[in-house]
Protein chains: 2
Amino acid sequence: MSKIQHRNLYREVADRIRELIEHGDLAPGERISEKQLCETFGVSRTPLREALKVLASEGLVELLPNRGARVMQLTVKMVKDTYDLMGALEGLSGELACQQINDGQIAAICKLHDQMLEHYHNREMQAYFAVNRQIHESILAAANNQVLEEMYNNLSYRVKRVRYSKKMTDAFWRQAVNDHEMMIVALKARDGKRLGQILRDHLCHKLEVVTLAGVIEDDELINAVNG
Amino acid sequence: MSKIQHRNLYREVADRIRELIEHGDLAPGERISEKQLCETFGVSRTPLREALKVLASEGLVELLPNRGARVMQLTVKMVKDTYDLMGALEGLSGELACQQINDGQIAAICKLHDQMLEHYHNREMQAYFAVNRQIHESILAAANNQVLEEMYNNLSYRVKRVRYSKKMTDAFWRQAVNDHEMMIVALKARDGKRLGQILRDHLCHKLEVVTLAGVIEDDELINAVNG
DNA sequence: TGATGGAATTATGAATTCATAATACCTTTT
DNA sequence: AAAAGGTATTATGAATTCATAATTCCATCA
């Protein structure tokens with residue numbers, strides 16, 4: 001029996017705007033018109049403005065006092081900084097996971113790993129990514145640290161718009177799979193330090209293959225009156 | 001020439017509530033009455049509610065749909081989890097700082113370090129903590145990663161209510177100073193890995209001396225209807 | 001022609017009002 | 001007296017209204 005969902009309008013609206021941003025329907029740097037979004041969603045300005053405050057706290061939106069909101073501009077440096085941070089968090093998740101993960105959880109991850117390998121050999125990129133994500137989520141969950149999970153998800157949302165290169169080269173893909181092989185070894189050995197290090201490096205490799213679509217150079221930021 | 005500050009009411013209110021929580025005027029788990037706070041601050045409910053949304057995103061406040069807000073309850077596990085996370089972030093800040101810090105910045109930190117030592121020897125705890133914080137902030141700043149800084153500050157705000165033990169033992173204090181001595185050595189050598197490790201350990205030591213005032217056991221959480 | 005100044009318009013900030021869910025209190029019944 | 005049910009009250013959720021800052025556009029003047 002699932003709990004009754006007390007949905008608030010502002011949460012619903014925030015979710016929808018997040019989707020719009022993620023999907024690119026709201027472009028980076030684009031001005032967000034309250035009136036227009038209100039009409040789109042069919043809500044008044046109150047819940048919309050509350051949603052914008054939340055999204056601003058999450059770093060997805062920028063609020064310019066007396067001048068409204070706009071989709072946060074990502075700079076190359078910000079993306080790099082975020083990846084550095086996510087690397088540290090993934091590393092921590094690996095260390096923590098090794099401290100308390102049980103055999104069943106490890107077996108489950110190994111199973112996912114095998115699935116992933118199969119998708120790799122069949123060159124099913126879509127499916128590969130899906131399972132890949134599941135593996136990382138499993139490790140994060142095994143770390144059993146809610147605060148970490150929350151922070152990681154938030155960061156990951158910020159850079160979700162930065163898409164992987166459509167033509168991820170074979171070499172990179174091979175490298176990624178190789179990283180994962182090492183992860184499994186470290187995980188089975190419950191070698192936290194090592195797993196953490198592999199995860200950190202793994203994310204660095206990831207950064208190398210992202211296309212910086214919608215990302216601007218550091219000095220191209222649209223100037224704004226600061227609050 | 002400093003920029004004109006466009007203050008919004010909701011920011012002001014959020015700051016004030018943060019202070020109330022930090023100072024303990026709003027106790028953990030305490031119900032926050034909109035009406036009462038509105039009267040206290042002399043504002044209408046709109047900016048207050050916007051402020052609460054922001055504080056909820058920051059993890060300082062909990063919003064219960066149709067039942068208002070209350071100050072976030074910290075559990076022992078949450079504090080421990082948060083410290084683990086902050087350790088990882090401090091570690092990263094050390095690594096990053098070593099990669100790009102210049103001699104001037106190092107000299108400035110060394111100066112702070114000497115001041116801190118003096119306060120230690122004079123047993124001026126208040127002054128010691130102030131300089132101590134400056135050192136950590138300097139390293140964080142030297143890391144030159146805005147996202148990291150933002151996250152770290154947020155986490156630090158969440159556990160600010162958890163006070164250091166009034167009677168921090170001499171042994172712990174000695175240990176802390178010792179950690180700092182090693183930090184300086186690693187920093188001067190620009191040994192990022194090492195500085196990172198020291199900072200991580202240093203935070204673990206810190207966790208040991210916090211008094212868990214206002215912090216409850218994991219299973220004592222007041223049950224609430226979830227949104 | 002370009003720059004400056006001011007009125008008109010538009011958008012945001014905040015207060016108020018209305019709607020509804022949650023709570024408290026009282027009555028009724030066994 | 002205790003429990004159940006229903007009404008009254010209170011607090012929150014959302015829409016609307018009012019105030020004000022920002023922008024646009026046009027007229028004026030150098």
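Within every chain, numbering begins at 1; the chains are lettered A, B, ... in the order of the sequence lines, protein sequences first and strands thereafter.
- Both B/Arg31 and B/Gly42 lie near DNA chain C, and the one whose nearest nucleotide falls closer to the 5' end is B/Gly42.
- Between A/Asn66 and B/Ala69, the residue anchored nearer the 5' end of DNA chain D, judged by the nucleotide with its closest heavy atom, is B/Ala69.
- At least one donor-acceptor pair closer than 3.5 Å links the side chain of B/Arg158 to the backbone N or O of B/Glu58.
- The environment of B/Gln146 atom CD is sparse: at most 12 non-hydrogen atoms of other residues, nucleotides or ligands sit within 6.0 angstrom.
- Chain A approaches DNA chain D over the interval D/dG13 to D/dT23, counting the first and last nucleotide 5' to 3' with an atom under 4.0 Å from its heavy atoms.
- For A/Arg16, the side-chain hydrogen bond (donor to acceptor under 3.5 Å, both in side chains) test picks out no residue, with sequence neighbours left out.
- Counting heavy atoms from C-beta outward, B/Leu55 and B/Leu63 have side chains that stay 4.5 Å or more apart.
- In this structure, CZ of A/Arg67 is placed 23 Å from P of C/dT9, rounded to the nearest angstrom.
- Residue A/Tyr10 is the one, among A/Tyr10 and A/Arg45, whose nearest nucleotide of DNA chain D lies closer to the 5' end (criterion: closest heavy atom).
- Taking a 6.0 Å sphere around NZ of B/Lys111, one finds it holds 12 or fewer heavy atoms contributed by other residues, nucleotides or ligands.
- Few gaps surround CD on B/Glu30; more than 12 heavy atoms of other groups in view lie less than 6.0 Å from it.
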